[in-house]
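Read the structure below first, then the notes.
A note on names: the letters A, B, ... follow the listed sequences, proteins ahead of strands, and every chain is numbered from 1.
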Number of protein chains: 2
Amino acid sequence: MKKIEAANAAEMPGQPAKRNTPQKAAVKHALGEATGFVSAQQLHQTLKKHGSTIGLATVYRTLADLAQAGEADSLQSKDSEVLYRACTTSHHHHLICRECGLTLEIEAENLEKWADKVATEHGFVQPSHNIDIFGFCAACQSAKTESGVAK
Amino acid sequence: MKKIEAANAAEMPGQPAKRNTPQKAAVKHALGEATGFVSAQQLHQTLKKHGSTIGLATVYRTLADLAQAGEADSLQSKDSEVLYRACTTSHHHHLICRECGLTLEIEAENLEKWADKVATEHGFVQPSHNIDIFGFCAACQSAKTESGVAK
DNA sequence: TCTCTTATTGACAAAGATTCTCAATAAGAC
DNA sequence: GTCTTATTGAGAATCTTTGTCAATAAGAGA
């Protein structure tokens with residue numbers, strides 16, 4: 001509590017200089033390893049299973065940071081928990097298997113334009129959108145059919 | 001606990017015959033009155049304000065039923081709570097104001113086709129999708145500009 | 001390399017939404 | 001009217017997520 005007026009010019013206001021820690025690296029790595037969307041809880045379990053002593057709060061904090069930095073996408077599951085996934089930073093959408101969680105990134109330039117157009121037509125500004133497609137992937141589909149669980 | 005083997009043939013399996021109650025009607029009515037998406041908590045507050053003694057659990061149960069019956073649409077808010085809205089049972093999407101919650105129903109036939117096509121192309125079956133557009137409606141926009149809170 | 005500031009961490013508490021439990025009530029059929 | 005049982009309300013219980021705070025350690029400078 002000695003230097004008060006030092007950090008006033010060199011840094012972004014409100015961004016106090018991030019530090020690289022093994023915990024962040026671990027979360028990032030674990031997220032990259034996951035095949036589809038995973039919850040913070042799941043990620044925490046996985047990390048512990050691999051010997052990490054990382055705290056649950058840290059996992060939440062790191063995921064929130066990644067999501068804000070655009071390095072992860074988030075999504076609400078049916079069970080009211082938030083799921084995360086490592087992603088490219090460019091804008092895109094997802095095709096997600098309801099059974100196994102397999103996730104494909106899809107692009108849809110026309111869709112972006114359509115969404116913006118609809119918003120503008122109705123007088124809305126700063127439009128953003130949520131577009132995700134769900135279904136059963138080929139593998140899960142045949143697995144289901146074979147076991148006779150046809151709806 | 002006397003008759004055990006009676007209800008085996010006449011009723012749908014697992015659907016024990018719904019009953020009409022004033023509580024259900026009240027929830028349904030309150031949901032219809034709301035202008036945009038509302039949470040179960042909000043709805044419960046509203047109902048209490050109007051003199052109803054309905055329980056919170058009942059509101060949750062009723063909303064879940066309505067959503068399942070296709071009479072209400074649900075949506076996850078940023079604060080990890082589920083929002084509901086009375087809707088037409090036909091398939092549609094929403095254009096939602098981030099500020100005041102004003103909600104417009106929009107149709108997009110081409111979009112439906114596109115979503116199904118993308119899913120099919122990647123081997124996915126039984127496709128469904130989540131498409132919602134957010135933005136600031138004209139009213140909220142001008143309110144913001146006038147108060148000088150331009151981003 | 002050593003020191004110093006302070007961002008970050010981990011353990012736990014706390015908040016908040018949703019679900020569960022269960023005795024009491026009342027809808028609908030006979 | 002009677003009876004069965006779906007439904008209700010109140011509160012407990014559960015679950016996810018966020019906040020708190022002392023202890024730790026990353027990174028810059030000496």
Enclosure of E105(B) CD (heavy-atom neighbours >12, cutoff 6.0 Å): yes
Quick check with a 6.0 Å cut-off and a 45 degree axis cone: is R98(A) positioned over the face of F134(A)'s six-membered ring? no
Does Y60(A) make a side-chain N or O approach to OP1 or OP2 of dT17(D) shorter than 4.0 Å? yes
Tell me what T53(B) touches on the nucleic acid: a base, only sugar-phosphate, or nothing, going by heavy atoms under 4.0 Å. sugar-phosphate
Between atom CD in Q76(B) and atom C1' in dA17(C), what is the gap in whole Å? 11 Å
For N20(A) and dT9(C), what is the distance between atoms CG and P respectively, to the nearest whole Å? 10 Å
Please state how far atom CG in L83(B) lies from atom P in dG16(C), giving the value in whole angstrom units. 17 Å
Look at T21(B) and dT8(D) and indicate whether a side-chain polar atom (N or O) is within less than 4.0 Å of OP1 or OP2. yes
Assign each of R61(A) and R19(B) the nucleotide of DNA chain D bearing its closest heavy atom; nearer the 5' end lies the nucleotide of R19(B)
Look at atom NE2 of H29(A) and say whether more than 12 heavy atoms of other residues, nucleotides or ligands are closer to it than 6.0 Å. no
Along DNA chain D (nearest heavy atom to each residue), the more 5'-positioned of Q23(B) and A64(A): Q23(B)
On DNA chain C, nearest-nucleotide positions of A57(B) versus V59(A): which is more 5'? V59(A)
Separation of atom CG in L56(B) from atom P in dA13(D), rounded to whole Å: 17 Å
Between C1' of dG9(D) and CG of L47(B), the distance in whole Å: 14 Å
Along DNA chain C (nearest heavy atom to each residue), the more 5'-positioned of P22(B) and T62(A): T62(A)
Please tell me if K24(A) has a side-chain N or O lying less than 4.0 Å from either OP1 or OP2 of dT8(C). yes
Stepwise side-chain contact (heavy atoms from CB on, under 4.5 Å) check, E107(A) with H93(A): CA-CA 6 Å; E107(A) 287 185 26; H93(A) 304 289; over 6 Å; no
Around atom NZ of K24(A), are there more than 12 heavy atoms of other residues, nucleotides or ligands at under 6.0 Å? yes
Nucleotide dT18(D), atom C1' - distance to CD of E81(B) in whole Å: 15 Å
Could you check how far CG of L43(A) sits from C1' of dT16(D), rounded to whole Å? 15 Å
Give the rounded distance in Å between these two atoms: NE2 of H44(B) and P of dT19(C). 15 Å
